[in-house]
Amino acid sequence: MSHNRVPLRLGSTAPDFEAETTQGPIKFHDFIGNSWAILFSHPADFTPVCTTELGAVARLQDKFDERNVKVIGLSANDLKSHDKWIEDINEVNQVKLQFPIIADEDRKISALYDMLDYQDITNIDAKGIPFTVRSVFVIDPKKVIRLTLSYPASTGRNFDEILRVVDSLQLGDKNRITTPADWKHGDDVIVHPSVTNDEAAKLFPGFRTVKPYLRFAPQPGKA
């Protein structure tokens with residue numbers, strides 16, 4: 001693996017790869033298809049925090065489906081281990097996990113996505129190889145990376161926050177808006193600075209101006 005490759009940033013194309021998963025082999029870009037995708041990694045199977053996280057994602061499956069989002073996990077263990085672990089996840093969280101988990105035993109995909117933990121030297125396997133950190137990538141149907149998050153191994157992720165970001169991104173792709181701090185689906189949005197007041201009057205009837213650069217409007221398409 002070359003170490004002088006360009007690091008992944010927001011706006012980068014998500015690298016394509018082939019992998020074995022708990023639901024069969026995939027080619028990542030084909031797997032995404034015309035959907036959005038969330039790729040999220042885990043330090044290892046049969047670890048406490050991850051077990052709760054995968055349960056949380058399984059519980060939100062309907063919410064991801066509603067938003068045309070495919071979820072796929074990744075852990076640096078083999079398929080046999082993943083299959084056994086899924087039994088535990090289902091039992092502990094009382095769910096039926098439906099999304100695939102990538103087997104990344106050789107850590108090739110983890111390296112491709114820069115998901116290996118070089119900061120925490122205690123986070124290594126028996127051979128001294130760093131485990132994957134808790135990374136999240138939100139990828140749009142054009143295969144562009146729109147969000148990245150990296151969490152320490154000790155802290156479970158908040159998947160409601162990840163859903164919130166997906167809502168904001170999808171709304172912003174369809175409308176000339178951005179979203180304010182702590183925004184939730186249904187709240188007022190911000191009119192994009194590129195929209196003139198004349199345009200805003202047509203696009204966002206009833207918009208209000210707080211400052212010349214800060215204009216609020218009801219969320220477009222809100223029932």
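Quick caveat: nothing in here was measured; it's all calculated off a predicted structure.
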Exercise for review: Let me see the working for Ile145 and Val138 under side-chain contact (heavy atoms from CB on, under 4.5 Å), right down to the final yes or no.
Suggested key: CA-CA 6 Å; Ile145 295 172; Val138 173; over 6 Å; no
Point to revise | Minimal non-hydrogen separation, Phe99 against Thr22, with atom names | key: O-OG1, 4.2 Å
Exercise for review: Return yes if some donor-acceptor pair links the side-chain N/O of Tyr113 with the main-chain N/O of Pro15 below 3.5 Å, else return no.
Suggested key: yes
Practice item. Would you mind reporting whether Leu147 and Phe137 have side-chain heavy atoms less than 4.5 Å apart? Key: no
Practice item. Taking the six-membered ring for Trp and the single ring otherwise, decide whether the centroids of Phe207 and Phe216 are under 6.0 Å apart. Key: no
Check your understanding: Are any of the side-chain nitrogens in Lys63 or Glu66 under 4.0 Å away from the carboxylate oxygens of its partner?
Key -> no
Exercise for review: Could you grab the distance from atom NZ of Lys96 to atom CD1 of Ile86, nearest 0.5 Å is fine?
Suggested key: 9.5 Å
Review point. Are Thr51 and Trp85 close enough that a side-chain donor and a side-chain acceptor fall under 3.5 Å?
Key: yes
Listed pairs under 3.5 Å, donor-acceptor, residues 28-37 side chains, sequence neighbours left out:
from: His29; atom 1: NE2; to: Ala14; atom 2: O; distance (Å): 2.7
from: Ser35; atom 1: OG; to: Asn68; atom 2: OD1; distance (Å): 3.1

Practice item. Go through the side-chain N and O atoms of Asp198 and Thr196 and say whether any donor and acceptor fall under 3.5 Å apart. Key: no
Exercise for review: Mind checking the CG-CD spacing from Asn175 to Gln219? Nearest 0.5 Å is all I need.
Suggested key: 8.5 Å
Check your understanding: Going from CD1 on Ile162 to CG on Leu60, what distance comes out if it is rounded to the nearest 0.5 angstrom?
Key -> 9.5 Å
Exercise for review: Decide if atom CD of Gln94 counts as having more than 12 heavy atoms of other residues, nucleotides or ligands within a radius under 6.0 Å.
Suggested key: no
Point to revise | Spatial distance of atom CG (Asn77) from atom CG (Asp83) [nearest 0.5 Å] | key: 11.5 Å
Exercise for review: Could you please spell out the steps behind the side-chain contact (heavy atoms from CB on, under 4.5 Å) verdict for Val136 and Thr148?
Suggested key: CA-CA 5 Å; Val136 181; Thr148 62; over 6 Å; no
Review point. Do the non-hydrogen side-chain atoms of Ile102 and Ser75 ever get within less than 4.5 Å of each other?
Key: no
Review point. Donor-acceptor pair, Asp78 side chain versus Ala103 backbone, under 3.5 Å?
Key: no
Exercise for review: Taking the side chain as every heavy atom from C-beta outward, state whether Ile72 and Ile26 have any pair of such atoms under 4.5 Å apart.
Suggested key: yes
Review point. Do the two ring centres, one from Phe40 and one from Phe159, sit under 6.0 Å apart?
Key: yes
Point to revise | Side chain Asn93, main chain Val95, donor-acceptor under 3.5 Å | key: no
Check your understanding: Honestly curious: do Val49 and Leu149 fall in one hydrophobic cluster under the side-chain, below-4.5 Å linking rule?
Key -> no
**Study point:** Cluster overlap Ile177 with Tyr213, hydrophobic side-chain contacts below 4.5 Å
**Key:** no
Study note, to complete from the structure: For Pro25 and Glu20, the nearest pair of non-hydrogen atoms, with its separation, is CB-OE2, 3.8 Å
Practice item. State the CD-OG distance between Glu105 and Ser81, to the nearest 0.5 angstrom. Key: 8.5 Å
Practice item. Run the salt-bridge test on Arg146 and Asp173 with the 4.0 Å N-O cut-off and return the result as yes or no. Key: yes
Check your understanding: If you measure from the Lys or Arg side-chain nitrogens to the Asp or Glu carboxylate oxygens, is any gap between Asp140 and Lys142 under 4.0 Å?
Key -> no
**Study point:** Pro220 and Phe204, any side-chain heavy atoms less than 4.5 Å apart
**Key:** yes
**Study point:** Transitive ILVMFWY side-chain link Leu79 to Ile89, under 4.5 Å
**Key:** no
Point to revise | Step-by-step salt bridge (Lys or Arg N to Asp or Glu O under 4.0 Å) determination, Arg164 to Glu161 | key: CA-CA 5 Å; Arg164 187 187 80 88; Glu161 164 61 7; 2.7 Å; yes
Check your understanding: Would you call Arg157-Glu53 a salt bridge at under 4.0 Å N-O?
Key -> yes
Check your understanding: Do Asp167 and Arg67 come within less than 4.5 Å of each other through their side chains, counting heavy atoms only?
Key -> yes
Review point. Would you say the side chain of Val191 lies within less than 4.5 Å of the side chain of Arg176, judging by non-hydrogen atoms?
Key: no
Exercise for review: Taking all non-hydrogen atoms of both residues into account, name the closest pair between Leu112 and Leu8 and its distance.
Suggested key: O-CD1, 4.0 Å
Exercise for review: Examine distances only and state if a side-chain atom of Asp104 and a backbone atom of Lys108 form a donor-acceptor pair shorter than 3.5 Å.
Suggested key: yes
**Study point:** Side-chain touch His42/Leu54, heavy atoms, less than 4.5 angstrom
**Key:** yes
Review point. Do Lys184 and Asp187 pass the side-chain contact (heavy atoms from CB on, under 4.5 Å) test, and can you show the C-alpha distance, the side-chain angles, and the key distance before you say yes or no?
Key: CA-CA 6 Å; Lys184 291 192 294 297; Asp187 291 352; 3.8 Å; yes
Check your understanding: If you draw a 6.0 Å radius around CG in Asp106, do more than 12 non-hydrogen atoms from other residues or ligands fall strictly inside?
Key -> yes
Check your understanding: Between Ile101 and Leu74, what is the shortest heavy-atom contact and its length?
Key -> CG2-N, 4.2 Å
Check your understanding: Do the charged groups of Lys143 and Asp16 touch, with an N to O distance under 4.0 Å?
Key -> no
Review point. Closest heavy-atom contact between Met115 and Ser41?
Key: SD-OG, 3.5 Å
Revision key, fill the gap. Interatomic distance, CG@Asp65 vs CD@Gln61, rounded to 0.5 Å, equals 4.5 Å
Review point. Any side-chain heavy atom of Val92 sitting closer than 4.5 Å to one from Thr52?
Key: no
Exercise for review: Could you go through the side-chain contact (heavy atoms from CB on, under 4.5 Å) check for Leu214 and Ile190 one step at a time?
Suggested key: CA-CA 7 Å; Leu214 178 58; Ile190 295 172; 3.9 Å; yes
Exercise for review: Can you see which heavy atom on Ser12 is nearest to which on Pro7, and at what distance?
Suggested key: OG-O, 4.2 Å
